[in-house]
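Worksheet for the structure shown next.
In what follows, residues are counted from 1 in the order of the sequence shown. Just so you know, ligand 1 is whichever comes first in the structure, and atom 1 is the first atom listed for that ligand. What's counted below: heavy atoms across the whole structure, side chains too, no hydrogens, waters or symmetry copies.
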Amino acid sequence: MGYFMAAIYDGFMDATEQACLRDWRAQLLAGLEGDVLELGAGTGVNLEHLPRQLGRLVLTEPDRHMRAKLTARVQRLGREAEVSGASAVALPFEDASFDAVVSTLVLCSVPSLEQSLAEVFRVLRPGGRFVFLEHVGAPRGTSRRRIQGLVDPFWRHAAGGCRLIRDTERAILDAGFELDAVERESMRKALAIVRPSIRGVAHRPS
Ligand SMILES: C[S@@+](CC[C@H](N)C(=O)[O-])C[C@H]1O[C@@H](n2cnc3c(N)ncnc32)[C@H](O)[C@@H]1O
């Protein structure tokens, strides 16, 4: 993401946070318990929604500029959390070591969606929850999908590898998860090309 993106990220996202993301994050994260891993935690926006009474809390963030902001927010909020520079495609954690994995607006940017989801599956305990909130490709055949496809090659260079046309819900199922709940909704006040979103909970079957 780089220094510039880390510096402007919270301000750039503010209108969308107020319009919908803030409520969605709160709904998704409030009930988490046990050992929790967050992928690509960015500047740490989810910290205020993650319950304080968790077991282990690990926040990964491979970008050093974002990670510096994240570490500062962890300290500011007085949270007990381990901050790691690990990428979602190669998580340095043992099999079946977390009760929940959180990913918000991250799977668009990982170099391999399939490898990242395989890693999430691996580190979750059987029955463990995968909590996601992601912008995704619009339904196939729609004009928005066509526009996303046209813009994608340029966008990914400008936006830290972010891809516009990922079928993330399908990929979650293909990785072996069972879906408990999913909402498909427009991310209000976001750029039109990133508005289609999914959010919900899946679990690793026991
Ligand atoms: C759009 S930001 C979202 C930040 C935060 N999760 C949020 O909800 O505001 C995407 C984040 O994913 C991180 N990221 C990019 N590639 C990643 C990877 N391979 N593994 C983990 N995180 C990654 C970026 O560094 C960035 O912080």
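- Among Met5, Glu38, Arg67, Glu61, the residue whose heavy atom lies nearest to atom 25 (O) of ligand 1 is Glu61.
- With a heavy-atom cut-off of 4.0 Å, Pro62 touches ligand 1 through its side chain alone.
- Ligand 1 lies less than 4.0 angstrom from a heavy atom belonging to Val110.
- Side chain of Thr71 to backbone of Arg67: a donor-acceptor contact under 3.5 angstrom is found.
- Separating the OG1 atom in Thr60 from the CG atom in Leu70 is a distance of 9.0 Å, to the nearest 0.5 Å.
- Residue contacts with ligand 1: Val106 is included, with a non-hydrogen atom under 4.0 Å away.
- Put simply, the residue from Leu50, Val131, Thr104 that forms a side-chain contact (heavy atoms from CB on, under 4.5 Å) with Arg25 is Thr104.
- Within 6.0 Å of atom CD in Glu33, 12 or fewer heavy atoms from other residues, nucleotides or ligands are found, so the atom counts as exposed in its surroundings.
- Between Arg64 and Glu61, no side-chain nitrogen of the basic residue sits less than 4.0 Å from a carboxylate oxygen of the acidic one, so the salt-bridge criterion is not met.
- Transitive grouping of hydrophobic side chains (ILVMFWY, heavy atoms separated by less than 4.5 Å) keeps Leu59 and Leu91 in distinct clusters.
- Atom CZ of Arg22 has 12 or fewer neighbouring heavy atoms from other residues, nucleotides or ligands inside a 6.0 Å radius.
- Using a 4.0 Å cut-off between heavy atoms, Arg25 contacts ligand 1 through its side chain alone, with no backbone atom that close.
- For atom 15 (C) of ligand 1, the nearest non-hydrogen atom from the set Ser109, Gly40, Ser84 comes from Ser109.
- The distance criterion of under 3.5 Å between nitrogen or oxygen atoms is met by Ala88 with respect to ligand 1.
- For ligand 1, the atoms sitting less than 4.0 Å from at least one non-hydrogen atom of Asp63 are 25 (O), numbered in the order shown with element in parentheses.
- The shortest N or O to N or O distance between Ser87 and ligand 1 is under 3.5 Å.
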